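What follows is a single structure, written as structure tokens, with notes after it.
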2 protein chains.
Amino acid sequence: MVPKRRLTKDVAYYQIKQKIIYGEFNPDEVVREEQLSEMLEISRTPLRQALQMLEMEEFLIRQPNGRLKVASITKEEVEEIFQIRSMLEGSIARNAAANASSDDIKVLTEILEKLRQAYHFGYTQEFVAYGNDFHDYLAEISGLKTSVKLLSMIKDHANRYCHFVSMYGKWSNQVDEHALILEGIKNKDGAFAELAMKKHILSTLKDVINRIEDKASSKIGNTVD
Amino acid sequence: MVPKRRLTKDVAYYQIKQKIIYGEFNPDEVVREEQLSEMLEISRTPLRQALQMLEMEEFLIRQPNGRLKVASITKEEVEEIFQIRSMLEGSIARNAAANASSDDIKVLTEILEKLRQAYHFGYTQEFVAYGNDFHDYLAEISGLKTSVKLLSMIKDHANRYCHFVSMYGKWSNQVDEHALILEGIKNKDGAFAELAMKKHILSTLKDVINRIEDKASSKIGNTVD
DNA sequence: AAAGAAAAAATTGTATACAATTATACAAAT
DNA sequence: ATTTGTATAATTGTATACAATTTTTTCTTT
């Protein structure tokens, strides 16, 4: 099975989303179709498909006059997203504990070790990547398709707010937190794994908030028109 | 402000979605664009926008060859959806308890009374409607935008599985369950309201499952290709 | 000069034509 | 008879032209 062809709408979707997440497009900025189609060098037809997707995910907001504007995001929304994440990923951890084979546990142990190393040597990039791997693997074996789908949608929104945070150091106790979750999974203790995961997510939220407080405004973008 | 114009893509989206939810389109059935554009008497352009939306919500699944097929849904997925609902609506109830004004409580009390009447007289249609009103009102005052958005997405999926259930009677203790939630809100007892809501959702799931057991297969549609 | 109306420009919404891809039918070869 | 290749048809993907709507500009009237 060769790699199935990349549809223009899909690459457009990805590119525009990245521009929104990483601030190349500012919140409340209105984007026009022609402008984007020129920028990405594609026609309006696949572009509009991409815009439709982003509208569904509420990265773009359709105004009553038909114009699209980039969504703003508040600190409160980020907190809500992490709250939801803690619930969803909690369930995932619980189910993962029930489903995990010995092979799965081996893989997870390896990821955790890599995470520990990355932290030890200060490889931030890798550290974040392995952290994601850990969560993604649990999602995979949990079998909770809907939860995973919803998670993927809201995670990107939170990333928008705190991507810059992930770059600079001191993820206080993330390694230990992951280890604790894995402990629960090893012991097939779903309730334990769920609780550990919830705590972990909420602790991550705290880290994010702290970084935010240090830095800029409590809000990206304006709600006022 | 006059009612903003209905876009063809939006009505197409709604119509196709209804056909999927209420079984006019069968699970795993493949739908073609031309067929739909003739059926709805619109051109392919707005139709494809609608299909894109339904694909994002996973009512339609894009196959590797580009064809779209109607999603199937398993009993397990329905159970997962109710599990997620219980968490999300639990949070909503908790926040609603914190935010509810005395006016809000008055409105909720009225809705509950109508619900009680509808149940008493066996008006199933109205009973379901008032139940939805109650939940929607809590969602409104909770201020949890993301949770509400996610809820609206998954609810429709569950409806697909159990719409036929809602028609025939005996919602055992729904009235009392709603009353209990309202009790928590009146007392500004968020934890109580949250728990009551969670129990309520899970009890509804039980009702649905029981009906399903009585009736047909445990699964709508085939996963086998 | 200000307010309103009319005209022009810009932008989104829809339809259709064409290109690329995928599925089907049928014939030839083994 | 089964398979393989090729031609044909069917279907999706993309581009573009046109229609409808909204915004901006201009002009007129007071």
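Just so it is clear, the values below take in all heavy atoms, side chains as well, and ignore hydrogens, waters and symmetry mates. Everything quoted here is computed from the prediction, not taken from an experiment. In the text below, chain A, chain B and the rest are named by the order of the sequence lines, each starting its count at 1.
One finds the CD1 atom of B:I21 at 5.0 Å from the CD atom of B:Q18 (value rounded to the nearest 0.5 Å). Distance CD/A:Q35 to CG/A:L47: 9.5 Å, rounded to 0.5 Å. Atom CZ of A:R85 sits about 9.5 Å away from atom CD1 of A:I92, to the nearest 0.5 Å. Rounded to the nearest 0.5 angstrom, A:I201 CD1 and A:M87 CE are separated by 11.5 Å.
The 12-atom threshold is not exceeded at CD of B:E140, counting heavy atoms of other residues, nucleotides or ligands nearer than 6.0 Å.
Using a 4.0 Å cut-off, no side-chain N or O of B:R32 falls inside it from OP1 or OP2 of D:dA10. Within the structure, every side-chain polar atom (N or O) of B:N65 is placed at least 4.0 Å from both OP1 and OP2 of D:dT12. Taking 4.0 angstrom as the limit, A:R6 places none of its side-chain polar atoms (N or O) nearer than this to OP1 or OP2 of D:dG13.
Rounded to whole Å, atom P of C:dG13 lies 13 Å from atom CD of A:Q49. Rounded to an integer number of Å, the gap from A:L47 CG to D:dG13 P is 16 Å. Between A:L36 atom CG and C:dT11 atom C1' there is a gap of 13 Å when expressed in whole angstrom units. Remark: C1' of D:dA10 and CD of B:E33 are 12 Å apart, rounded to the nearest angstrom. Rounded to whole Å, the distance from CD on A:Q52 to P on C:dT12 is 14 Å. Remark: C1' of C:dG13 and CG of A:L51 are 13 Å apart, rounded to the nearest angstrom. At whole-Å resolution of the value, CD in B:E34 and P in D:dA9 are 15 Å apart. Between the CG atom of B:D10 and the P atom of C:dT12 there is a distance of 16 Å, rounded to whole Å.
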Protein and nucleotides 15-20 of chain C: nitrogen or oxygen contacts under 3.5 angstrom:
residue : atom : partner : partner atom : Å
C:dA15  : OP2  : B:S43   : N            : 3.1
C:dA15  : OP2  : B:S43   : OG           : 2.8
C:dA15  : N7   : B:T45   : OG1          : 2.5
C:dT16  : O4   : B:T45   : OG1          : 3.3

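Remark: A:E194 engages A:R94, A:K198 in a side chain to side chain contact (heavy atoms under 4.5 Å, CB included) (not counting sequence neighbours).
For A:L7 and A:G66, each mapped to the nucleotide of DNA chain D holding its nearest heavy atom, the one lying further toward the 5' end belongs to A:L7.
Counting only heavy atoms from C-beta outward, the side chains of B:P46 and B:L7 never approach each other to under 4.5 Å.
Residue A:R48 is classed as a base contact, given a heavy-atom separation below 4.0 Å to a base. Nucleic acid contact for A:V30: none, since no nucleic acid atom lies under 4.0 Å from a heavy atom of the residue.
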